[in-house]
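Below: the structure, in structure tokens.
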Amino acid sequence: MYRTHTCGELRLSDTGKEVTLSGWVQRVRDKGTLLWIDLRDRYGITQLFLEEGESKPELLQAARSLGREFVIRVSGKVSERESKNPNIATGEVEIRLTSLELLNASKLPPFTIEEKSDGGDELRMKYRYLDLRRTPLKNNLALRHRLSIETRNYLDSQGFYEIETPYLIKSTPEGARDFVVPSRMNPGEFYALPQSPQTFKQILMVAGYDRYFQIVRCFRDEDLRADRQPEFTQIDCEMAFVSQEDILNTFEGMARFLFQKVKGLDVGPFARMDYATAMKLYGSDKPDIRFDMQFVELNDLAKNSGFAVFDEAELVVGINAGGCSEYTRKQLDGLTDFVKKPQIGAKGLVYVKYNADGSIKSSVDKFFSEDQLHGWANRFGAKPGDLMLILSGKEESTRKQLNELRLEMGNQLGLRNPQVFKPLWVTDFPLLEWNEEAQRYFAMHHPFTSPKTEDIHLLETDPGKARANAYDMVINGVEVGGGSIRIHDRTLQKRMFSLLGFSDEEAQNQFGFLLNAFEYGAPPHGGIALGFDRLTALIAGFDSIRDFIAFPKNNSGRDMMIDSPSAIADAQLNELYLKVTAPDK
Ligand code: ASP
């Protein structure tokens with residue numbers, strides 16, 4: 001028998017029991033006559049105890065030869081500890097050893113396996129099995145497991161079927177770049193790994209399955225911006241005979257259920273905001289609404305007073321940082337440097353200090369009278385003690401820059417507590433997005449998204465203005481997921497493809513199966529997909545998804561542990577028709 005109990009199980013009430021435990025040696029503390037070992041497994045840490053004179057000498061000798069991460073089996077009696085550790089669940093007891101057996105030795109690990117490791121990212125990824133032994137990682141994966149079980153419980157209770165869809169599918173030119181897999185049996189042809197099961201879940205609706213879900217791996221060969229993984233997991237869902245409202249309610253219900261189950265937290269009903277409002281008030285389609293600081297536009301008040309920067313700008317817009325009028329020169333310079341960073345790209349920052357004594361002072365005093373500045377303060381709803389921060393320039397880029405500044409101020413003022421959750425639906429996204437480079441429209445969500453009925457006529461006159469029945473779930477400024485009501489009419493779907501620059505033939509080649517299916521009684525349907533890695537990280541209060549995935553890839557898309565991608569042998573290349581063998585001379 002390897003164990004009677006786990007290392008996280010024993011309590012004071014177990015005192016006197018003879019037990020056997022197995023696990024890894026976290027550390028050995030040798031005080032000469034007294035010796036302690038911390039024994040660790042997935043469930044926790046239990047202290048083992050040996051004493052010169054009382055314990056057998058060979059036991060003490062065996063304990064002294066242990067190193068970190070050795071695997072041992074021990075037996076002994078549970079006893080009350082003299083100095084208790086309130087920080088761990090087993091902290092009131094220790095095991096007085098009567099036997100100790102080495103099951104396996106370990107090399108010295110290249111980094112410490114503690115709450116906080118001293119290993120760098122790459123090293124920890126190379127030795128992922130050691131990193132995964134650390135408590136924070138274990139907690140993350142435990143949370144992920146719990147969430148996946150509760151997701152299934154919720155969706156099952158709502159009548160969803162979990163149905164698997166294939167991983168070897170067909171490459172399509174829309175969306176991100178595909179990962180492709182050569183087909184040995186079909187020389188010169190390739191499968192693609194799914195960017196999402198989108199078309200399959202729609203086909204399942206045509207097939208009458210009514211409610212589908214899958215916790216599914218998706219693959220996108222995108223340039224890896226920080227914290228993107230080439231393979232990631234979605235909670236992918238589709239429903240038939242539903243309106244947008246039905247979908248929002250179902251998945252708001254799911255998110256609330258999950259927060260309740262894993263955090264004991266009622267996050268309350270979701271706020272709602274349409275895309276146009278989100279852009280106008282926050283300069284972002286995923287606003288963090290844990291704090292206000294909404295955008296205030298000043299064109300009518302700030303232009304035409306001789307300040308060329310404003311006069312030439314398409315938009316003058318700012319935020320009110322409440323209580324910040326005492327910001328020092330250095331702090332203000334810091335903010336100016338922040339907005340001028342190349343990633344943000346503003347030319348400069350104008351500030352107005354509404355001092356506590358009621359006086360007003362700005363960085364553009366030369367051009368604006370106190371009265372004018374008071375007029376601005378009024379528009380901002382500013383009080384004495386506040387600081388107004390103003391940007392100007394091209395409309396779209398200025399809003400984006402101010403969004404960054406707003407988030408930075410949120411950080412500086414401690415308004416973005418990761419343990420506070422403010423969920424939001426952003427709705428009515430534009431259907432299409434113009435791409436300058438390609439000189440054509442792209443679907444903002446994907447080509448299967450339905451325009452709003454009242455906007456269908458715009459497809460003929462002004463497609464860029466058409467809004468979609470598309471929505472995103474946003475929590476704390478993070479896009480947790482998105483979806484849409486789909487087109488279920490063949491003619492409208494073909495029209496959509498042609499707007500996206502597909503010829504009839506191309507559309508038929510790429511998506512013929514879907515267009516054909518739409519001729520056999522496709523029900524109205526819609527769905528959503530939530531980023532499962534991201535949702536898990538968010539619920540835990542973290543930005544980065546990497547440590548919520550057991551075996552993630554690094555920023556260059558490499559798996560450091562198995563060292564992949566890697567070259568393959570010529571024979572394998574030949575077999576896959578990826579390399580023509582040189583003909584014999
Ligand atoms: N397939 C979409 C995505 O991956 C989600 C959806 O529309 O359901 O973003």
Side-chain angles (χ1 to χ4, degrees), residues 151 155 160-167 169-179 192-206 209-222 228-240 242-252 254-255 275 285-286 425-433 442-452 467-475 478-488 493 496 500 510-511 514 522-535 545:
T151 298
L155 292 172
F160 284 77
Y161 278 175
E162 181 168 12
I163 302 175
E164 286 153 286
T165 53
Y167 278 157
I169 65 165
K170 183 185 169 97
S171 185
T172 59
E174 271 309 288
R177 217 174 282 114
D178 286 321
F179 282 104
L193 302 179
Q195 296 182 28
S196 85
Q198 186 59 36
T199 49
F200 286 95
K201 65 176 174 175
Q202 292 192 240
I203 298 270
L204 284 169
M205 295 304 105
V206 179
Y209 280 78
D210 205 64
R211 292 179 167 209
Y212 140 96
F213 87 97
Q214 190 178 186
I215 300 183
V216 63
R217 198 69 51 78
C218 300
F219 306 84
R220 296 184 190 170
D221 187 7
E222 288 171 290
R228 276 239 185 112
Q229 288 284 319
E231 50 179 305
F232 59 98
T233 304
Q234 291 194 333
I235 307 172
D236 189 48
C237 309
E238 197 76 2
M239 305 167 84
V242 285
S243 65
Q244 171 166 316
E245 199 54 32
D246 298 319
I247 295 182
L248 300 192
N249 287 334
T250 304
F251 291 96
E252 179 167 331
M254 182 173 93
Y275 172 88
D285 60 2
K286 41 176 190 290
W425 287 112
V426 178
T427 61
D428 299 355
F429 275 80
L431 182 69
L432 302 164
E433 213 171 9
F442 278 77
M444 187 134 174
H445 187 51
H446 53 54
F448 316 107
T449 294
S450 170
K452 287 183 117 34
R467 291 164 306 158
N469 277 325
Y471 32 80
D472 274 358
M473 183 190 284
V474 174
I475 306 180
V478 174
E479 181 195 326
V480 170
S484 61
I485 295 294
R486 326 297 185 190
I487 297 168
H488 63 280
Q493 187 63 71
M496 187 68 185
L500 299 175
Q510 304 289 342
F511 297 110
L514 188 68
H525 61 286
I528 193 167
L530 306 184
F532 186 55
D533 314 292
R534 196 153 290 293
L535 179 68
I545 61 173

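Note that ligands are numbered from 1 as they come in the structure, with each ligand's atoms numbered from 1 the same way.
- For ligand 1, the polar-atom distance check against Q195 finds no nitrogen or oxygen pair separated by under 3.5 Å.
- Between Q195 and D178, the shortest heavy-atom contact is NE2-OD1, 2.6 Å.
- Heavy-atom proximity to K201, at under 4.0 Å, picks out these atoms of ligand 1: 6 (C), 8 (O).
- N469 CG to I247 CD1: the interatomic distance, rounded to the nearest 0.5 Å, is 9.5 Å.
- Counting only N and O atoms by type, the side chains of T427 and Q244 include no donor and acceptor under 3.5 Å apart.
- P194 places none of its side-chain heavy atoms less than 4.5 Å from the side chain of F200.
- Remark: Y209 OH is loosely packed, at most 12 non-hydrogen atoms of other residues, nucleotides or ligands lying under 6.0 Å away.
- The proximity of R486 to ligand 1, defined as any non-hydrogen pair under 4.0 Å, is limited to the side chain.
- For R220, the closest heavy-atom approach to ligand 1 falls below 4.0 Å.
- Ranking the protein heavy atoms by distance from atom 9 (O) of ligand 1 puts H445 CE1, 3.9 Å first.
- Set against the non-hydrogen atoms of A529, the atoms of ligand 1 under 4.0 Å away are 5 (C), 8 (O).
- When all heavy atoms of Q229 and I545 are compared, the closest pair comes out as CG-CD1, 3.9 Å.
- Here S196 has side-chain heavy atoms under 4.0 Å from ligand 1, and that is the only part of it that gets that close.
- Heavy-atom contacts of G483 reach the following atoms of ligand 1: 6 (C), 7 (O) (cutoff under 4.0 Å).
- Of all atoms in ligand 1, numbered sequentially from 1 with element shown, those under 4.0 Å from a heavy atom of Q234 are 4 (O).
- Remark: ligand 1 and D236 share no N or O pair separated by less than 3.5 Å (distance only, no angle test).
- Heavy-atom contacts of I528 reach the following atoms of ligand 1: 8 (O) (cutoff under 4.0 Å).
- Under the rule for a ring pair (Phe, Tyr, Trp, His ring centres under 6.0 Å), the partners of Y275 that lie at least two apart in sequence or sit in another chain are F429.
- Taking atom 2 (C) of ligand 1 as the reference point, the nearest protein heavy-atom neighbour is Q198 OE1, 3.5 Å.
- Ion pair D428/K452 flagged as a salt bridge, since at least one NZ, NE, NH1 or NH2 atom sits closer than 4.0 Å to an Asp/Glu carboxylate oxygen.
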